[in-house]
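Only one structure is covered here, and it is reproduced in the block below.
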Amino acid sequence: MSVLTTKQIMEIIPHRQPFLLIDTVEELEPGVRAVAKKCVSYNEPYFAGHFPGEPVMPGVLIIEALAQTGAVAILRMEENRGKTAYFAGINSAKFKQKVVPGDVLTLETEIIKQKGPIGVGSATAKVDGKVVCKAELTFAIG
């Protein structure tokens with residue numbers, strides 16, 4: 001059972017279709033961590049050109065999905081309600097395998113540092129328990 005539905009996620013972060021890249025939040029500790037799911041459908045608009053005949057979810061969108069997961073965790077804190085989390089940096093991003101239609105991405109972002117409006121999240125995306133992407137994401141709350 002999900003902790004947050006798509007509608008509830010949209011009450012926290014400003015993203016909307018086609019750029020809302022998380023479907024549900026499965027676990028949430030405000031200010032600490034969040035785990036979200038993204039069901040990757042063949043109907044995703046980016047598959048039309050990435051790549052025709054061999055659809056692969058762009059790595060940058062996996063990173064964005066991880067960032068949106070972290071944004072839910074940080075913006076769910078009472079003092080951050082109504083604010084926006086912006087990218088301030090991406091470090092050590094590694095992609096381990098392709099994400100294709102039919103995959104269910106499990107996205108976990110843990111807030112590992114925060115000082116004032118700047119923070120860092122450790123992010124991991126998995127499919128069927130296998131790591132597909134890892135990165136360190138820096139954010140700024142505005």
Side-chain angles (χ1 to χ4, degrees), residues 1-81 83-115 117-142:
M1 180 152 186
S2 301
V3 174
L4 297 174
T5 64
T6 302
K7 182 178 179 192
Q8 291 168 315
I9 292 165
M10 291 190 302
E11 293 170 1
I12 300 167
I13 62 176
H15 304 79
R16 298 294 180 265
Q17 294 299 334
F19 211 69
L20 179 61
L21 297 173
I22 56 177
D23 297 325
T24 60
V25 172
E26 304 298 313
E27 299 176 36
L28 177 62
E29 295 176 64
V32 178
R33 69 186 276 277
V35 177
K37 296 262 186 185
K38 165 66 176 164
C39 296
V40 181
S41 163
Y42 189 80
N43 293 323
E44 305 288 346
Y46 46 81
F47 285 142
H50 197 270
F51 300 102
E54 188 186 347
V56 176
M57 184 174 185
V60 68
L61 294 182
I62 298 169
I63 295 287
E64 176 63 26
L66 287 163
Q68 290 179 19
T69 302
V72 168
I74 206 70
L75 296 176
R76 190 63 178 211
M77 296 173 62
E78 194 57 45
E79 62 267 29
N80 292 331
R81 287 187 191 260
K83 296 181 181 177
T84 301
Y86 297 97
F87 258 129
I90 303 168
N91 294 312
S92 305
K94 302 263 190 258
F95 301 93
K96 306 288 188 179
Q97 71 180 48
K98 295 187 293 187
V99 175
V100 298
D103 285 345
V104 176
L105 271 174
T106 300
L107 306 146
E108 181 173 359
T109 303
E110 179 181 358
I111 309 306
I112 56 174
K113 288 188 241 178
Q114 188 173 8
K115 185 170 183 175
I118 306 297
V120 176
S122 175
T124 305
K126 296 179 181 178
V127 172
D128 294 329
K130 295 179 187 170
V131 173
V132 297
C133 176
K134 289 182 76 78
E136 185 178 274
L137 309 176
T138 303
F139 61 87
I141 303 298

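Keep in mind it's a predicted model, so treat the numbers as computed, not measured.
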(message) Phe51: which residues meet the side chain to side chain contact (heavy atoms under 4.5 Å, CB included) condition with it, sequence neighbours left out?
(response) Val56
(request) Kindly indicate whether the side chain of Arg76, heavy atoms from C-beta on, has any atom under 4.5 Å from the side chain of Leu4. (result) yes
(message) Any heavy-atom pair between the side chains of Phe47 and Val40 that's under 4.5 Å?
(response) yes
(message) How long is the straight-line distance from NZ of Lys83 back to CZ of Arg81, given to the nearest 0.5 Å?
(response) 12.5 Å
(request) First locate atom CG of Asn80, then atom CD of Glu78, and finally report the distance between them rounded to the nearest 0.5 Å. (result) 9.5 Å
Extract all donor-acceptor atom pairs below 3.5 Å that involve side chains of residues 66-74 and protein atoms in other chains or at least two apart in sequence.
unit_1 : atom_1 : unit_2 : atom_2 : d
Gln68  : OE1    : Leu21  : N      : 2.8
Gln68  : NE2    : Phe19  : O      : 2.9
Gln68  : NE2    : Glu64  : OE2    : 3.0
Thr69  : OG1    : Ala65  : O      : 2.9

(message) Less than 3.5 Å apart, any donor N or O on the side chain of Glu44 or Ser41 sitting next to an acceptor on the other?
(response) no
(message) As an exercise, state the distance from CD of Glu108 to CZ of Arg33, rounded to the nearest 0.5 Å.
(response) 4.5 Å
(request) Can you see which heavy atom on Pro101 is nearest to which on Tyr42, and at what distance? (result) CG-CD1, 3.6 Å
(message) For Val60, give me all partners under side chain to side chain contact (heavy atoms under 4.5 Å, CB included), at least two apart in sequence or on another chain.
(response) Pro58
(message) Ile112: which residues meet the side chain to side chain contact (heavy atoms under 4.5 Å, CB included) condition with it, sequence neighbours left out?
(response) Glu110, Val120, Ser122, Glu136
(request) First locate atom CD1 of Ile12, then atom CG of Leu28, and finally report the distance between them rounded to the nearest 0.5 Å. (result) 7.0 Å
(request) Verify side-chain contact (heavy atoms from CB on, under 4.5 Å) between Ile111 and Val32, making sure each step is shown before the conclusion. (result) CA-CA 5 Å; Ile111 309 306; Val32 178; 5.9 Å; no
(message) I need the Thr24 OG1 to Gln8 CD distance, nearest 0.5 Å.
(response) 10.5 Å
(message) Checking Thr84 now: which residues fulfil side chain to side chain contact (heavy atoms under 4.5 Å, CB included) with it, not counting sequence neighbours?
(response) Pro14, Tyr86
(request) Measure the shortest side-chain to side-chain distance between Ile141 and Leu75 over non-hydrogen atoms and say whether it is less than 4.5 angstrom. (result) yes
(message) Contact between Met57 and Val100 at the side-chain level, heavy atoms closer than 4.5 Å - yes or no?
(response) no
(request) Please confirm whether the backbone N or O of Cys39 pairs with a side-chain atom of Asp23, one donor and one acceptor, at under 3.5 Å? (result) yes
List the atom pairs, donor and acceptor, that lie under 3.5 Å between side-chain atoms in residues 123-134 and the rest of the protein, sequence neighbours left out.
unit_1 : atom_1 : unit_2 : atom_2 : d
Thr124 : OG1    : Lys134 : NZ     : 3.4

(message) Let me confirm one number: the CG-CD1 distance from Leu20 to Ile9, rounded to the nearest 0.5 Å.
(response) 6.5 Å
